[in-house]
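First the structure, in the form of structure tokens, and then the observations on it.
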Amino acid sequence: MEYDFREIESRWQKFWAENRTFKVDKETDRKKYYVLDMFPYPSGAGLHVGHPLGYIASDIFSRYKRLRGYNVLHPMGYDSFGLPAEQYAIQTGQHPALTTEQNIARYRQQMDQLGFCFDWNREVRTSEPAYYRWTQWIFLELFNSWYNPRTNRAESIDSLIEIFSNEGLNLNASDILTGDIEKELKTFSATEWNAFTEVQKREVLMYFRLAYLGEAYVNWCPALGTVLANDEVINGVSERGGHPVERKLLKQWSMRITAYAQRLLDGLDTLDWTDSIKESQRNWIGRSEGASLRFPIQDREGSVEVFTTRPDTIFGVAFVTLAPEHELVNSLTTDEQRAEVEAYVNTAKNRSERERMADVNTISGVFTGSYVSHPFTGQPVPIWVGDYVLVGYGTGAVMAVPAHDERDYKFAKHFGLPIKQVIEPTREFDLQKDAWTDKEGVLINSEILNGLEVKKAIPKAIEAIEEHGFGKKRINYRLRDAVFGRQRYWGEPIPIYYKEGVPYALSADELPLTLPEVDKYLPTEDGEPPLARASNWKYQGVYDYEHSTMPGWAGSSWYFLRYMDPQNTGTFASNADTAYWNQVDLYIGGAEHATGHLLYARFWTKVLFDLGHIPFQEPFQKMINQGMILGKSSFVYRINGSNSFVTFSKKEEYQTTPIHADISLVDNGKLDIDGFRKWRSEFAESEFICEEDGSYLCGTEVEKMSKSKYNVQTPDELVEKFGADTLRMYEMFLGPLEQSKPWDTKGINGVHNFLRKLWRLFHDQEGQIVVENGEAPKEALKTLHKTIKKMQDDLERFSFNTGVSNFMICVNELSEQKCHNHLILKELVIMLSPYAPHISEELWVKLGYESGTVGKQHFPAFNESFLVESSFAYPVSFNGKMRFKAELSLDLNADEVQKAILSREDTQKWLEGNAPKKVIVVPGKIVNIVM
RNA sequence: GCGGAUGUGGUGAAAUUGGUAGACACGCUAGACUUAGGAUCUAGUGCCGAGAGGUGUGCGGGUUCGAGUCCCUCCAUCCGCACCA
């Protein structure tokens, strides 16, 4: 009987499902381990071979940890709200819930056929009301909280109300964060607060809530008809679809993630993540230390506030530049300059983000006609407007020091503005050509700062600025608050209603606020989001609900918590469960979520921690980012202006255009010409110029695996051909998990043959069991224990590819030894069960054990005594070059080894009569003779 | 420009602490067997060379008895971020 993987695999998958083999429960007397995969968005295309890569790794690790005695939580679910289902709904009129349901069914079937040990009793779907009820509940928690800088944590908004009714708001005390430093809020006394109307109070509180409705410049994407978060905009276009994005001032729900900037930064040091992801997050948060500084406006009240990281260069200020959108631009423009300024501001405002980024080298700007006074010297400093200053960063205004800042330098040169040097460069340098931007040198022309090194001048300058009351030390973050509303249908409704234009939150017991039915999934005629179409969808039948929905990242920011206690209807997860399961011990997923999901999930976790709902403040302790599996695309070459295709080797003789050919039509580079003709009607009549042997050879290129490139390989056909165990091991065998690699099925036979070879250790040619009882042979014990050692070492360092090789080496050796010993094979099957669970279950039963129990065994114990050797083949090197080997007893000490080696004929031959200068002997390792 | 990662046979790769470079697998070559199976078995396979031997981990240098591994310089590819004050 041959290895019949189809029969074996379907039988065991059924067994696992029927016996709920992978159901886990909290067991407080056992140590827990939480292994999490990034849950998928169930797209219509199904899974391709790249998707399960991480799932296979996490599955192997989960099963391994179980063999090590841990109680392992390994759940799976679906991030099932999202744009593609909605776009499809717009096109077809089909409800997104329906297509989502169908897609999930397909994903489930694809995952099941791979034999994963997920506990499906814990499945979550973000689009289910039973789930998003708690997403909405967390939103309410955020809405009803503020960040208290005195305690440095989130607190109930009640504690802020208490502060206001006792102390009022005194912004000069500088201990109250609004999160948006550029927003001015009028101060008030406790008495004034208490006299405020409900509406006034709510308006003030809105500046502090962690989830708030605020006016801000947002990324508006007209094509998608919605706003986007910063991480959803890549190079000025939308991440999904690549549509242009504009900056627009809009009222939007936002999350005050900026309040957590410092803690999000500090927390990174405690995490076992790759440097590249940590760096991305640090970069995204973008902390910079400096000072905020006010320049009084000449001839009128008020001042221009700037942020600078180089307060030491204060005496080199030549002008001040405002962003075109800066609120003071209009009032600072003199009548003579008005026409010019307005024209400039209009052009700058109307340029899309993409255009603005596309030409960063064009210098443009305009003088407002007004001046500020230099805070120290009182000299007039002209105020300019320039689009190199961004309204969203710092204060939207800079003090320009052309001599020591690249952009200021270029701006000054372009407009002929003065360049005043205040730092003496530390090496030969021509200030006529460039700005000296190094943070070193000695200050000159700077009154009180003269003679100081830059590093000393910075604190001294800040000290002086604070002393004179011109400004203060400030830490600035690039991180912006995250826009939270989407003008879309297929997302969580935001649990807010409006009374007299003022937003009110639903109470927790009114949740879930379920998604209403609409006639169309499009905006209304007057531009309202789709939810505005829902008839009679009003709070208490009277008040309008919020019509925007939550963004994709809402549901995924806390799903790892729901898995801990997925059916709980009284809370998002019980305290007992969050305390037991705690942080995710191992998180496996793509690196593309570095600044989105991974930052938002950390933020929400910190808020829930602050509010006392969970006992930890980082969600994912260790993370591994699996590399992308790239597709190998095939190309045919169409001769331009014809319907003829020329084979790869002759394509240089013609002017051709490469066209993707479906990889299923290509075998080993050769095109199935008939199949290609039938594939698309436009090719039905095509002519082919072939190789000499009559075949048509395709070109190949490694690209991202994608439907549009016709290079997608689904796991289904490979499972059908080789079985899940083979595919699981092959995906691991491809190389290190973290590395990107092209997909190529060439080597899959090797892995499949390994499993057949393993099968033959148990069976003879007739399919009869040949397992022998009795004592294990010494040689086999050595092979086994060598493998045990390597397997556990490799698994502990997540080296799954070398793990597969270890099994191959082990089975090769046992085959050579003709070992069919029960004791050896039993341990081997246990070790293999994480990698190839189906065949392991099958062989386990064949060894006479109970069905379904192989995963509940203990990982074999390593016994070093089986590996002890009496002799060693010393590699003998001359000047570091290995020349021959000499078998010597391991009992010999270094001197004895040296003597034995030097007396050998081989040695004399290589010495060519010379005396060795030096002999290095590392017992049990190497001998090196220096000549 | 800044940051991160990666460079090893025809291919995917291994080498965990500085100690035999290329394990394991694919592919290829030659042979055996056969109930013709994407089977199995044997031998070979980094490059140059008939061979002795030489040479070899992106380039160049350094430390060391000994470097794929440590240090310096440079190059290439990929991925983030980027008028960030």
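Naming: A, B, ... by sequence-line order, numbering from 1 per chain.
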Phosphate-side-chain proximity, A:N879 and B:C65, N/O vs OP1/OP2 below 4.0 Å: no

A:E406 CD to B:C2 P, straight-line distance once rounded to whole Å: 12 Å

Distance between C1' atoms of B:G80 and B:G27 (Å, rounded): 36 Å

Separation of B:G66 C1' from A:K881 NZ (nearest whole Å): 11 Å

Interatomic distance at P, B:G49 relative to B:G37, whole Å: 41 Å

Touch class at under 4.0 angstrom, heavy-atom based, for A:K917 against every strand present: nothing

Separation of the C1' atoms in B:U55 and B:G9, to the nearest angstrom: 14 Å

Atom pair distance, as rounded to whole Å: CZ in A:R883 and C1' in B:G66: 14 Å

Touch class at under 4.0 angstrom, heavy-atom based, for A:S877 against every strand present: nothing

Canonical and wobble pairing (Watson-Crick, G-U, under 3.5 Å) of RNA chain B, dot-bracket with |: (((((((..(((......[....)))((((((.......))))))(((....)))..(.(((..]....))).))))))))....

Rounded P spacing from B:U63 to B:U16 in Å: 25 Å

Is there any protein nitrogen or oxygen under 3.5 Å from a nitrogen or oxygen in nucleotides 5-16 of chain B, and what are the pairs?
{"unit_1": "B:G12", "atom_1": "O2'", "unit_2": "A:L734", "atom_2": "O", "d": "2.4"}
{"unit_1": "B:A13", "atom_1": "O3'", "unit_2": "A:N801", "atom_2": "ND2", "d": "3.4"}
{"unit_1": "B:A14", "atom_1": "OP1", "unit_2": "A:N801", "atom_2": "ND2", "d": "2.7"}
{"unit_1": "B:A15", "atom_1": "OP1", "unit_2": "A:R797", "atom_2": "NH2", "d": "3.2"}

Nearest-angstrom distance, P atom, B:A21 to B:G68: 8 Å

Between P of B:U40 and NE2 of A:H763, the distance in whole Å: 17 Å

Length of the CE-P vector between A:M628 and B:C78, whole Å: 12 Å

Side-chain-base donor-acceptor pair under 3.5 Å for A:D387 and B:C83: yes

Residue A:W910, side-chain atoms from C-beta onward, closest of B:G4, B:G54, B:U20: B:G54

NZ (A:K473) with more than 12 external heavy atoms under 6.0 Å: no

Closest listed nucleotide, where the reference is the side chain of A:N283 and the choices are B:A85, B:G80, B:U20: B:G80

Any donor-acceptor N/O pair, A:D725 side chain to A:I839 backbone, under 3.5 Å: yes

Parallel, tilted or perpendicular: ring planes of A:H752 versus A:F5, cut at 30 and 60 degrees: perpendicular

Sugar-phosphate only, base, or nothing, as touched by A:R760 at under 4.0 Å among non-hydrogen atoms: sugar-phosphate

Rounded distance in Å between the C1' positions of B:A76 and B:U64: 29 Å

A:K704, NZ atom: more than 12 neighbouring heavy atoms under 6.0 Å: no

Residue A:E7 excluded, over 12 heavy atoms near CD under 6.0 Å: yes

Worked check of side chain to side chain contact (heavy atoms under 4.5 Å, CB included) between A:H404 and A:V422: CA-CA 8 Å; A:H404 306 291; A:V422 290; 3.5 Å; yes

Audit row: A:F319, A:F411, ring-ring contact (aromatic ring centres under 6.0 Å, His included) steps and yes/no: CA-CA 10 Å; A:F319 52 99; A:F411 197 85; 5.5 Å; yes

Centroid separation A:F722 to A:Y730 less than 6.0 Å: no

Residues which pass side-chain hydrogen bond (donor to acceptor under 3.5 Å, both in side chains) with A:N879, listed by chain and number, not counting sequence neighbours: none

Nearest listed nucleotide, side chain of A:F872, among B:C81, B:A23, B:U20: B:U20

Candidate nucleotides B:C84, B:U20, B:A25, ranked by approach to the side chain of A:M882 - the nearest: B:U20

Distance-minimising heavy-atom pair for A:K925 and A:F872: O-CE2, 3.5 Å

Sugar-phosphate, base or nothing in reach of A:D405, heavy atoms under 4.0 Å: nothing

5' priority, RNA chain B, between A:K757 and A:V398 [closest heavy atom]: A:K757

Syn or anti conformation of B:G9, syn meaning chi within 90° of 0: syn

Spacing between A:F411 atom CZ and B:C84 atom P, to the nearest angstrom: 15 Å

P gap between B:C48 and B:U57, integer Å: 16 Å

Selection from B:C24, B:G53, B:A85 that lies nearest to any side-chain heavy atom of A:N812: B:C24

Sugar-phosphate only, base, or nothing, as touched by A:K721 at under 4.0 Å among non-hydrogen atoms: base

Test of ring centre spacing under 6.0 Å for A:F315 and A:H374: yes

Any A:R407 side-chain nitrogen or oxygen under 4.0 Å from OP1 or OP2 of B:C84: yes

C1' spacing across the pair B:A14 / B:C81, given as an integer number of angstrom: 34 Å

